[in-house]
2 protein chains.
Amino acid sequence: MNISHFELLCEVARVKSFSKAAKLLHLSQPAVSSQIHSIEDYYGAKLFERSTSGVTLTPVGEIVYQYAKEILRLHEKLEKEIDDLLNTENQKLIIGASSTIGNYAIPCTIWTFKEKYPCTQIKLEVKNTETILSMLANDELDLALLEEPIPKNDGNLKKQPVLNDELLVITPPKKPWVDKTSITLEELKKAPLIIREQGSGLRYMFEKAISGLNVKLPEDFNVIAEMGSTEAIKSAVEAGLGVSICSSLAIKKEIRSGTIHPLRIENAEFQVNYLIVYKNDKQLNNAAKRFIRFLAGPGKDPFC
Amino acid sequence: MNISHFELLCEVARVKSFSKAAKLLHLSQPAVSSQIHSIEDYYGAKLFERSTSGVTLTPVGEIVYQYAKEILRLHEKLEKEIDDLLNTENQKLIIGASSTIGNYAIPCTIWTFKEKYPCTQIKLEVKNTETILSMLANDELDLALLEEPIPKNDGNLKKQPVLNDELLVITPPKKPWVDKTSITLEELKKAPLIIREQGSGLRYMFEKAISGLNVKLPEDFNVIAEMGSTEAIKSAVEAGLGVSICSSLAIKKEIRSGTIHPLRIENAEFQVNYLIVYKNDKQLNNAAKRFIRFLAGPGKDPFC
DNA sequence: AACAATTACGCACCACGTAAGGATA
DNA sequence: TATCCTTACGTGGTGCGTAATTGTT
């Protein structure tokens, strides 16, 4: 039994479903199933009653759940106490992030993290993916937050999924877009398209995604502009100049206020997997390790 | 971090030595060293100050130690609560043991175990190794306690070391033995020797040990009797009829009272490794799992 | 020299993901 | 059929023991 077993158990008990817990913990569903089985095996008792609509704790499971929460609480307290005792060198953390995650997801994460570990000093660098990768290689960063796939990954990088998001086509809230909820790839190829610059993770991801469909950027599209920032692109789309592609994370506010109209691409999965990435051989300091556990671990979504 | 990490850490902190903790936990010393290193890595802080005369806790280590003890205490309480809730089927345990361990080590162990887990119903079968093995094969036993090496082990048995002891030559407390503290193999070959019957684990072990020295039983020895019980042999030796071989466990009392004189064999290591053995494919019940952890795990020696 | 911890290395096991399988509404 | 959990299987990472090394008294 280890701490992450307890975390997994608590997460499953909380959401009453193996598959939901798997998503939240960035694990496959069979992995969760197998973990729970081995916990049950360890204690020699069934902990969850399985049904078609999820799982519920058995009486024994309830006991284990209560203790697991208590043990986790203790352990968290332990880590905080260690935190207070460590020298400040261990508390500095430089994180790099690509635009989308750096601008729209991480700021709030850092805030939540600092609430939990107030001693940590975090510096955030938001650049495009290529730049972040070279900074990581030069040890200018402890950790990076990037999107999959990672270009030119020579195997010296360790990665861990932390967040799943969806790539959407963003359009002005007017005809012909505003009546649709989705768009075909053919329609998109003809639409006035604004894209990010070379070296941007979003662009790389989009290129990768469409290359599987035998379509190429920029030649197969009607590219009307190339811009170096998501905010610039959003402004252009809001102004009705064209359409673009971005992560749903980046347009939460605009969707709510109705200034941007999002569309799904038909018959295609444009999932974005955000990863926390670090050098395989690098000795991570305490703050970095904790930050990784904070993001990849359980609990309510650390992104906002 | 898992429960056994905490156990290991507490054991090391308690005895202030990697090597001593390794012995107590039935692990190699490098294994303990590596575990401690990974715990230190996990918390991002050095927990032990190493010196030539063992190790001491650092301030951070002291904190982790305190929490580890608390977590272990909680976890033990959890297991006890589960224990109370389980049905009685899970609480029955049939243990088989070969003579030495069955007669001299286990009775006290069972007593200690039942103090901790009063619901458990334990039945103990003491037979010779061969018989115990066949009972295990026929599912007449949950667990067996035997000495290494195990004859005819077809790989279907899982084993775990639980106790190390030393094989001694036992002699009457009179001339020519009483002045010596050790004996050569040549002297032993000429001495009037009493041995256990075929099928006895002790005999098998002794045969294995001397076969490495190109000596065979019974032809190379002066065997004057073969007996089916250690007690009978001890009585014979006490009566001055001859010498024999047995585990130091079995003659603690006699050494103390001076009725038997033990000798080491020169230039030879006669270590006995006692193992807990069970069928690889068998689903162990709760009591069995707990008993294994109780014996193999940390804490003060469960044998008396 | 003796003792304690570390490093190196090979092996076995375990946790994971992918893919296929069963059960239930 | 859709959803959820389980089973099967191949793979990579980790923990282990053995043996050699370092370091201190």
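No hydrogens, no waters, no symmetry mates; every other heavy atom, side chains included, goes into these values.
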Quiz prompt | side-chain contact (heavy atoms from CB on, under 4.5 Å) assessment of L133(A) paired with L157(A) | solution = CA-CA 10 Å; L133(A) 279 172; L157(A) 295 178; 3.8 Å; yes
Quiz item: Taking it one step at a time, do V55(B) and I36(B) satisfy side-chain contact (heavy atoms from CB on, under 4.5 Å)?
Solution: CA-CA 11 Å; V55(B) 296; I36(B) 294 292; over 6 Å; no
Every protein N/O lying under 3.5 Å from an N/O of nucleotides 20-25 of chain D:
none

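Remark: of the listed residues K289(B), R290(B), R293(B), R293(B) is the sole one forming a salt bridge (charged side-chain N to carboxylate O under 4.0 Å, His left out) with E79(B).
To the nearest angstrom, P of dC5(D) lies 15 Å from CD of Q35(A). Put simply, NZ on K23(A) is 14 Å from C1' on dC5(D), counting in whole angstrom units. For the pair N2(B) CG and dT14(D) P, the interatomic distance rounds to 14 Å; values are reported in whole Å. To the nearest angstrom, P of dT3(D) lies 12 Å from NZ of K20(A).
Contact annotation for Q29(A): base contact, defined as any heavy-atom pair under 4.0 Å involving a base atom. Among the heavy atoms of the strands lying under 4.0 Å from S28(B) is at least one base atom, whether or not backbone atoms are also near. Nucleic acid contact class of S53(A) (heavy atoms, under 4.0 Å, all strands): none. Note on S38(A): nothing from the nucleic acid sits closer than 4.0 angstrom, heavy atoms only. Counting non-hydrogen atoms under 4.0 angstrom, V32(A) reaches nothing in the nucleic acid.
L47(B) contributes atom CG, which lies 11.5 Å from atom OG1 of T56(B) (distance to the nearest 0.5 angstrom). Separating the CG atom in D83(A) from the CG atom in N286(A) is a distance of 7.0 Å, to the nearest 0.5 Å.
In this view, P30(B) and S28(B) satisfy the side chain to side chain contact (heavy atoms under 4.5 Å, CB included) rule, not counting sequence neighbours. The ring pair (Phe, Tyr, Trp, His ring centres under 6.0 Å) search around Y65(B) returns none, not counting sequence neighbours. For S51(A), the side chain to side chain contact (heavy atoms under 4.5 Å, CB included) partners at least two apart in sequence or on another chain are S53(A). Scanning for salt bridge (charged side-chain N to carboxylate O under 4.0 Å, His left out) contacts around K20(A) gives an empty result, with sequence neighbours left out. The ring pair (Phe, Tyr, Trp, His ring centres under 6.0 Å) search around Y274(B) returns none, not counting sequence neighbours. Applying the side chain to side chain contact (heavy atoms under 4.5 Å, CB included) rule to S4(A) yields the partners N2(A), E7(A); only residues at least two apart in sequence or on another chain are considered.
Reading DNA chain C from its 5' end, the first and the last nucleotide to sit under 4.0 Å from a heavy atom of chain A are dA15(C) to dT24(C).
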Please set out all donor-acceptor pairs under 3.5 angstrom arising from side-chain atoms of residues 67-76 of chain A, sequence neighbours excluded.
from   : atom 1 : to     : atom 2 : distance (Å)
Y67(A) : OH     : E81(B) : OE2    : 2.6
E70(A) : OE1    : R73(A) : NE     : 3.3
E70(A) : OE2    : R73(A) : NH2    : 2.8
H75(A) : NE2    : Y43(B) : OH     : 2.6

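Applying the 6.0 Å contact sphere to CZ of R264(A) captures no more than 12 heavy atoms from other residues, nucleotides or ligands.
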Self-check item: Dot-bracket pairing map - DNA chain C, Watson-Crick plus G-U, both contacts under 3.5 Å, | cross-strand
Solution: |||||||||||||||||||||||||
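Residue pairs that meet the salt bridge (Lys or Arg N to Asp or Glu O under 4.0 Å) test with at least one member in residues 55-65 of chain A, sequence neighbours left out, do not exist here.
Of the residues in residues 40-50 of chain B, none has a non-hydrogen atom less than 4.0 angstrom from any atom of DNA chain D.
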